[in-house]
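Worksheet: one structure, shown below.
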Amino acid sequence: MEALQREIAAAAVFEDAIDFTPDAIRDGEALVAGIDQAFLGERAVSAVVLVRGGEVVARAHAITPLSMPYVPGLLAFREGEPIVAALETLDVEPDLLVFDGSGRIHYREAGLATHVGSCFDAPAIGVTKNLLCGRPRDPTDGLAEGDRVAIEADDSMTAPDGTVVGYAYQSRQYSESKRINPVYVSSGHRLSAATALECVIACGGEYKLPRPTRLADRYADELKREHGG
DNA sequence: GCGACAG
DNA sequence: ATCTTGTCGC
């Protein structure tokens, strides 16, 4: 599986190859898909929420059996197929896919966002609440809202040491006493690290996670309740 | 052997 | 991710 990830990484494009801009996302000229999952025993509940100009345009989901356990570094093999099942029920093509998982911030530069984005050859971004690997260029605690810190490749990764593979982004910061952790943003496919971050910022949101991801998160919970849990 | 690890 | 009540703060 590691070998396959290296192939996927080789096919992935970590440069801008998109036909929209972050501003287009703000202006409602781009369709963004937020993707997340919840679990029901040995079944995955995959949720997709399509957002345009901050408004929900459509939702799609799929409940499928899981074939693999969770293994750090191999998340795409567990969640990839279930997510594809949900994406296939869409009747429109999103301009951008935003995943709840890493993109290039991955040992072999092949996180969930890279894996699925590359398969669909669609622009993709990975957003996580915890850092899988890589090293922040500067301390990430105590950042102010809007701050960003580059994440560089470390020796646990195949990318050349020091390569900027993503960013820690302080999307929210309420008070200074009880601090919130930043989110980690990385390109999955057809985006540079910097543009991926700009796209996430353009997605907006009132919470820590970008709006599309947050909405998919809640939709997944809603589905989970409906189907027992 | 020790450390470290998305969801 | 998931199991889970109350609770502190804006």
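In what follows, chains carry the letters A, B, and so on, assigned in the order in which the sequence lines appear, proteins first and then strands, with residues in each chain numbered from 1.
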Heavy-atom pair with the smallest gap, counting every atom of A:A193 and A:V164: CB-O, 4.1 Å

For the residue pair A:Q37 and A:S46, confirm or rule out a side-chain donor-acceptor distance under 3.5 Å. yes

Give one of base, sugar-phosphate or nothing for A:Y107, where a contact means two heavy atoms less than 4.0 Å apart. base

Please give, in whole Å, the distance from C:dC10 P to A:Q173 CD? 13 Å

Give one of base, sugar-phosphate or nothing for A:L112, where a contact means two heavy atoms less than 4.0 Å apart. base

Starting at CE of A:M157 and ending at P of B:dC5, how long is that distance when rounded to a whole Å? 14 Å

Name the nucleic acid region contacted by A:S102, choosing base, sugar-phosphate or nothing; use a 4.0 angstrom heavy-atom cut-off, strictly under. base

pair A:V84-A:F120: side-chain heavy atoms closer than 4.5 Å: yes

Rounded interatomic separation in angstrom, taking CG from A:L75 and P from B:dA4: 21 Å

Looking across every strand, which nucleic acid part, if any, lies under 4.0 Å from A:L74 by heavy atom: base, sugar-phosphate, or nothing? base

Within less than 4.0 Å of OP1 or OP2 of B:dG7, is there a side-chain N or O belonging to A:N130? yes

Determine, for A:D100 against A:K129, whether the closest basic-nitrogen to carboxylate-oxygen distance falls under 4.0 angstrom. yes

Which part of the nucleic acid, if any, lies within reach of A:Y70 when heavy atoms closer than 4.0 Å are counted: base, sugar-phosphate only, or nothing? base

Whole angstrom is fine here: how far is it from CZ in A:R172 over to C1' in C:dG9? 16 Å

Whole-Å gap separating P (B:dA6) and CG (A:L209): 16 Å

Within the structure provided, determine whether A:F14 and A:E109 are in side-chain contact (heavy-atom separation under 4.5 Å). yes

Picking from B:dG7, C:dC3, B:dA6, which would you name as closest to the side chain of A:P72? B:dA6

Any A:K224 side-chain nitrogen or oxygen under 4.0 Å from OP1 or OP2 of C:dA1: no

Report yes or no: do A:D16 and A:S192 form a side-chain donor-acceptor pair below 3.5 Å? yes

How does DNA chain C read in dot-bracket, base by base from 5' to 3', with Watson-Crick or G-U pairs under 3.5 Å and | used when the partner is on another strand? ..........

Tell me the interatomic distance from A:R78, atom CZ, to C:dT2, atom P, rounded to whole angstroms. 10 Å

Calculate the interatomic distance between A:Y184 atom OH and B:dA6 atom C1'; express it in whole Å. 12 Å

Counting side-chain heavy atoms from CB outward, which of C:dC3, B:dC5, B:dG7 is closest to A:L132? B:dC5

A:N130 side chain to A:T128 side chain, donor-acceptor N/O pair below 3.5 angstrom: no

Once you round it to whole Å, what is the distance between P of B:dG7 and CG of A:N181? 12 Å

